[in-house]
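Down below is the structure, laid out as structure tokens.
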Amino acid sequence: QVQLQESGPGLVKPSQTLSLTCTVSGGSIAINPFYWAWIRQPPGKAREWIGHIGYAGNTNYRPSLRSRASISRDTTKNQFSLQLNSVTPEDTAVYFCARGDYGTSDAHLYTDWGQGIQVTVSS
């Protein structure tokens with residue numbers, strides 16, 4: 001049974017970089033034919049897909065975040081990470097890592113989720 005756990009700082013200052021790590025157990029991010037995504041939910045809004053990395057290392061991003069977001073992986077630790085540069089208070093959200101069978105921008109299609117981590121952007 002795959003399990004995902006987000007970790008990282010819960011408070012980030014404006015203009016700095018948001019960095020989160022998803023630790024995966026019960027499934028290899030490098031071998032399994034799955035896609036590994038970062039999804040966030042701002043206060044009062046729906047969940048929105050940030051991007052994903054495939055089992056082969058390919059990445060895709062939400063177009064509006066493409067210039068600021070980067071997803072990477074460490075196969076030796078079975079982890080994948082999110083970096084979001086130049087953050088503003090609008091980036092405040094609960095951030096989730098998730099796994100799905102498809103490389104999709106539809107957050108509803110991801111089937112396995114971490115518990116989420118609150119990240120607040122504030123000075």
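It should be emphasised that the depicted structure is a prediction, and the values quoted were computed from it without experimental measurement. Scope of the values below: all heavy atoms of this structure, side chains included, with no hydrogens, waters or symmetry mates.
Between Leu4 and Cys22 the shortest side-chain heavy-atom distance falls below 4.5 Å. Counting heavy atoms from C-beta outward, Thr23 and Gln79 have side chains that approach closer than 4.5 Å. Proximity of Val119 to Leu20: side-chain heavy atoms (C-beta onward) are separated by under 4.5 Å at one or more points. Residues Arg40 and Asp91 are in side-chain contact: their nearest non-hydrogen atoms beyond the backbone lie under 4.5 Å apart. When side chains are defined from C-beta on, Gln16 does not count as touching Ser86, because their heavy atoms never get closer than 4.5 Å. Between Glu48 and Arg62, the closest side-chain pair of non-hydrogen atoms falls below 4.5 Å. Using a 4.5 Å cut-off on side-chain heavy atoms (C-beta onward), Asp112 and Phe34 make no contact. Taking 4.5 Å as the limit, every side-chain heavy atom of Tyr95 sits out of range of all side-chain heavy atoms of Ile39.
In terms of modelled atom types and a separation under 3.5 Å, the side chain of Arg66 and the main chain of Tyr61 share a donor-acceptor contact. Listed for the Glu6 side chain is a donor-acceptor partner under 3.5 Å among the backbone atoms of Cys97. Looking at Thr59, its side chain never comes within 3.5 Å of a backbone N or O of Ile71 through a donor-acceptor pair.
The shortest non-hydrogen separation linking Ser123 to Pro14 is N-CD, 3.5 Å. Between Val12 and Thr17 the shortest heavy-atom distance is CG1-O, 3.8 Å. Minimum interatomic distance between Ile117 and Gly8 (heavy atoms only, all atoms of both residues): CD1-O, 3.4 Å. Between Ala107 and Trp113, the closest heavy-atom pair is O-CZ2, 3.2 Å. Between Pro42 and Ala46, the shortest heavy-atom distance links the atoms CD-O, 3.7 Å. Across Gly27 and Asn78, no two heavy atoms sit closer than the pair O-ND2, 2.7 Å.
Screening Leu84, Leu65, Leu82, Ile53 for a side-chain contact (heavy atoms from CB on, under 4.5 Å) involving Trp38 leaves a single residue, Leu82.
Atoms CD and CD, on Gln5 and Gln3 in that order, are 9.0 Å from each other to the nearest 0.5 Å. The CD atom of Gln83 sits 6.0 Å away from atom OG of Ser70, with the distance rounded to the nearest 0.5 Å. Rounding to the nearest 0.5 angstrom, the gap separating the OG1 atom in Thr75 from the CD1 atom in Ile29 is 6.5 Å.
Between Trp49 and His52, the ring-plane angle classifies as tilted under the 30° and 60° cut-offs.
Using a 3.5 Å distance cut-off with no hydrogens or angles, the side chains of Thr104 and Asp106 do not pair a donor with an acceptor.
Tyr35 and Ile50 fall into different hydrophobic clusters, defined by Ile, Leu, Val, Met, Phe, Trp and Tyr side-chain heavy atoms under 4.5 Å apart, directly or through other members.
Among residues two or more places apart in sequence or in another chain, the side-chain contact (heavy atoms from CB on, under 4.5 Å) test is passed with Val94 by Phe96, Gln118. In terms of the side-chain contact (heavy atoms from CB on, under 4.5 Å) criterion, residue partners of Ser7 (sequence neighbours excluded) are, by chain and number, Thr21.
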Set out, in order, the CA-CA distance, both residues' side-chain angles and the distance that settles side chain to side chain contact (heavy atoms under 4.5 Å, CB included) for Ser25 and Val2, then state yes or no.
CA-CA 6 Å; Ser25 61; Val2 67; over 6 Å; no
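Geometrically, Arg73 does not engage Phe80 in a cation-pi contact, judged by NZ or CZ lying under 6.0 Å from the ring centre and within 45° of the ring axis.
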